[in-house]
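Numbers here simply count residues along the sequence, with the first being 1. Bear in mind that the values here come from a model prediction, so they are computed numbers and not experimental data. Atoms within a ligand are numbered from 1 in the order they appear, just like the ligands themselves.
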Amino acid sequence: MTGRSGSTGRPAAAAKNPAMGQGPDDGKSAPESPVSSEPSEPLDPADVKARRAADAKAKAAAEAKARSAAEAKARSAAKAAADEERAIAQALALVGRQPYRDPGPGFEPVKEPGPSATATAPATATAPTPASSSRSTDRATDPAADRPSPDERHTAAHERRRTHATPWREARAVAARAGRRVPARTGRLPLDRALGHVLAEPLAALTDLPSFDTSAMDGWAVAGPGPWNFRENEGVLAGHAAPTPLPDGDAVRIATGARVPADATAVIRSEHAHADEATGLLYAQRQVNPGQDIRPRGQECPSGEQLLPTGTLVTPAVLGLAAAAGYDELLTRPRPRVDVLVLGDELLTAGLPHDGLIRDALGPMIGPWLRALGAEVSAPRRLGDDAEALRKALVDSAADLVITTGGTAAGPVDHVHPVLAGIGAELLVDGVAVRPGHPMLLARLGAAGPYLVGLPGNPLAAVSGLLTLAEPLLSGLAGRASRDLYRVAVRDEVHGHPHDTRLVPVVHRTAGTRVFTHRAGAATGGGADHVVPLHYNGPAMLRGIAAADGLAVVEPGGVRSGTEVEILDLPWSPATPWTEGCFT
Ligand SMILES: Nc1nc2c(c(=O)[nH]1)N[C@H]1C(S)=C(S)[C@@H](COP(=O)(O)OP(=O)(O)OC[C@H]3O[C@@H](n4cnc5c(N)ncnc54)[C@H](O)[C@@H]3O)O[C@H]1N2
Ligand code: MOO
């Protein structure tokens, strides 16, 4: 910083030398270096002019730079706010679909030995199958032959996963437990920031509701039997202090929401009363029942009563209730943060498939789906089939959950297992006995690291992985109960897989009309409702699921036409008030 101008002046040479602090980018010094701060040596007037011009230019540049930085900051803040709003709206796709249920004691951080204790076939991710001791002597003498060939590796890996596949229900339970064992992050949020988060403590009323005896109607508060004396120009309005007690035989005008005077016995709606101004008497035009149209203090709840349990999703209605019950802020658990990594060199992000390349169907689908499941999701990152990029993305992630798509099998560029092995991840689920989607996996990336759900690349298999592993895991992480399955009759027979559970896209219908139901009771009401299994349900197809509102859980025996099958709801349907939130 030597040679800079300031109140003590500076050498003339520096005035012309940008490298010495007067270049156009040196915005900071210009405003603090007025020309009037005379240098110690006399200057040539031409030099002074040049210096003034340089200072003016530097000042203008500094202002422009500051302006553009401020604009960029405002743009990025606006974008962040918009993204946040969108994420909240999308998380609320579940509103109205979740039965609020206290998850019970398991909800608290679990003091289990380790996640592997919860898995069926826990295993630290292993690098490709080690050499077998029963190899031929030729191989035993050839060091290279100790390593299995790629074909052997892949066959062994597929076989291991098939035979060690976790049963479907158990995989869901393992995922839910894994989510619940993460210690809860909680924080107090003002009401206007709490939407979409989950209550970390029960919502108990901080006041009686209503907090005073309230008139439910515009009309007359009366005391005792009528007719009643009333005075013109007198009345009780909402928002005012307690009115004077009402003497027996008197009436007073009252507004909806106003405090009912002590000793009033009923409210008569204005359209049910006749006020005779000549006599000053009020007549009821129908029978008056004691207490009618008075909302007594504490009718909805007394102070201290639990209104909602821990684990409730904060919806717009919850915000309203919390405000009414006296809250300014809520103790909440934040939405789980999820990173999405899309793997595969064959993927295009725009245009038509060509030359063996196909459109990435998962990048546009997974984020919105996860948001509908209550997560905060970063933009998908497309990593190609680059093992090192995958490794780096996993070790760098600050999310609670990383979702990968593709690369879960044992093909030549399926890097998920080897990379997990390389970073010492712990596999909690390595293959699930479900079709489609059996290569899906759940891992924990280090002791304090995020979880990873590896979704298979086939698009419907990826959906299966979302609902089998990601949904229960996210519910656990968010402190919410997993969604219940319910049973509905199936219209057409669905064949079972020989030994795995099948997930088959279905749509709810009743008597030729499409209906959307969420609970067993509603769905089976009168036996008229049923689900129709959809075609185009192959692992690589999305056509069936895009027309579906649920997935039927078909066990190995299959289901006959007319018998009941369990349904896993999709987190949206036209009957859900926040449906548009899923897609914006
Ligand atoms: N020898 C065996 N091969 C395979 C088996 C097996 O048991 N033995 N299982 C098959 C099953 S089942 C599935 S599912 C897939 C899973 O493979 P990956 O998770 O490794 O996924 P990829 O190989 O990367 O891709 C599979 C398929 O999906 C397409 N794909 C991938 N990503 C996307 C995307 N973002 N959008 C659209 N389509 C995508 C990809 O092009 C492939 O066609 O393995 C079977 N193999
Ligand atoms: O998981 Mo794969 O998609 O079953 O075919």
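Contacts with ligand 1 closer than 4.0 Å are made by side-chain heavy atoms of His438 only, the backbone lying farther away. The parts of Asp360 lying near ligand 1 are both backbone and side chain, judged by heavy-atom distances below 4.0 Å. Neither the backbone nor the side chain of Val416 has any atom closer than 4.0 Å to an atom of ligand 1 (non-hydrogen atoms only).
The Arg359 neighbourhood of ligand 1 comprises atoms 36 (N), 37 (C), with distances under 4.0 Å to a heavy atom of that residue. Of all atoms in ligand 1, numbered sequentially from 1 with element shown, those under 4.0 Å from a heavy atom of Gly406 are 19 (O), 21 (O), 24 (O).
When atom types are taken as modelled, the side chain of Arg435 and the backbone of His499 share no donor-acceptor pair closer than 3.5 angstrom. Looking only at distances, a side-chain donor or acceptor of Asp386 sits under 3.5 Å from a matching main-chain atom of Ala389. Judged purely by atom type and a 3.5 angstrom limit, Ser475 uses its side chain to pair as donor or acceptor with the backbone of Glu471. The backbone N or O of Val377 sits nowhere less than 3.5 Å from a side-chain atom of Arg337 that would complete a donor-acceptor pair. The main-chain N or O of His495 is found under 3.5 Å from a side-chain atom of Arg502 such that the two form a donor-acceptor pair.
Between Gly407 and ligand 1, a contact under 3.5 Å exists for at least one N or O pair. Looking at ligand 1, you'll find an N or O of Glu346 within less than 3.5 Å of one of its N or O atoms. Residue Ala361 places at least one N or O, backbone or side chain, under 3.5 Å from an N or O of ligand 1. Residue-to-ligand polar distances keep Gly363 apart from ligand 1: every N/O pair is separated by 3.5 Å or more. Considering backbone and side-chain atoms alike, Ala409 places an N or O below 3.5 Å from some N or O of ligand 1.
In this structure, NE2 on His438 lies 13.0 Å from OG1 on Thr468, to the nearest 0.5 angstrom.
Paired with Arg172 under the rule side chain to side chain contact (heavy atoms under 4.5 Å, CB included), one option of Leu473, Leu485, Val429 passes, and it is Leu485.
For the residue pair His417 / Asp430, a side-chain donor-acceptor distance below 3.5 Å is found, with atom types taken as modelled. Between the side chains of Glu493 and Ser561, no donor-acceptor pair of N or O atoms lies under 3.5 Å.
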Q: Start with the C-alpha distance between Glu566 and Arg169, add both sets of side-chain angles, then the distance that settles salt bridge (Lys or Arg N to Asp or Glu O under 4.0 Å), and finish with yes or no.
A: CA-CA 12 Å; Glu566 271 187 314; Arg169 279 165 215 283; 2.8 Å; yes
Q | Verdict with reasoning, Arg382 to Asp360, per salt bridge (Lys or Arg N to Asp or Glu O under 4.0 Å) | A | CA-CA 9 Å; Arg382 294 178 174 87; Asp360 168 20; 2.6 Å; yes
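Heavy-atom distances between Arg435 and ligand 1 stay at or above 4.0 Å for every pair.
Contact residues of ligand 2 (protein heavy atom closer than 4.0 angstrom to a ligand atom; sorted by chain and number): Pro436, Gly437, His438, Pro439, Asn458, Ala461, Pro539.
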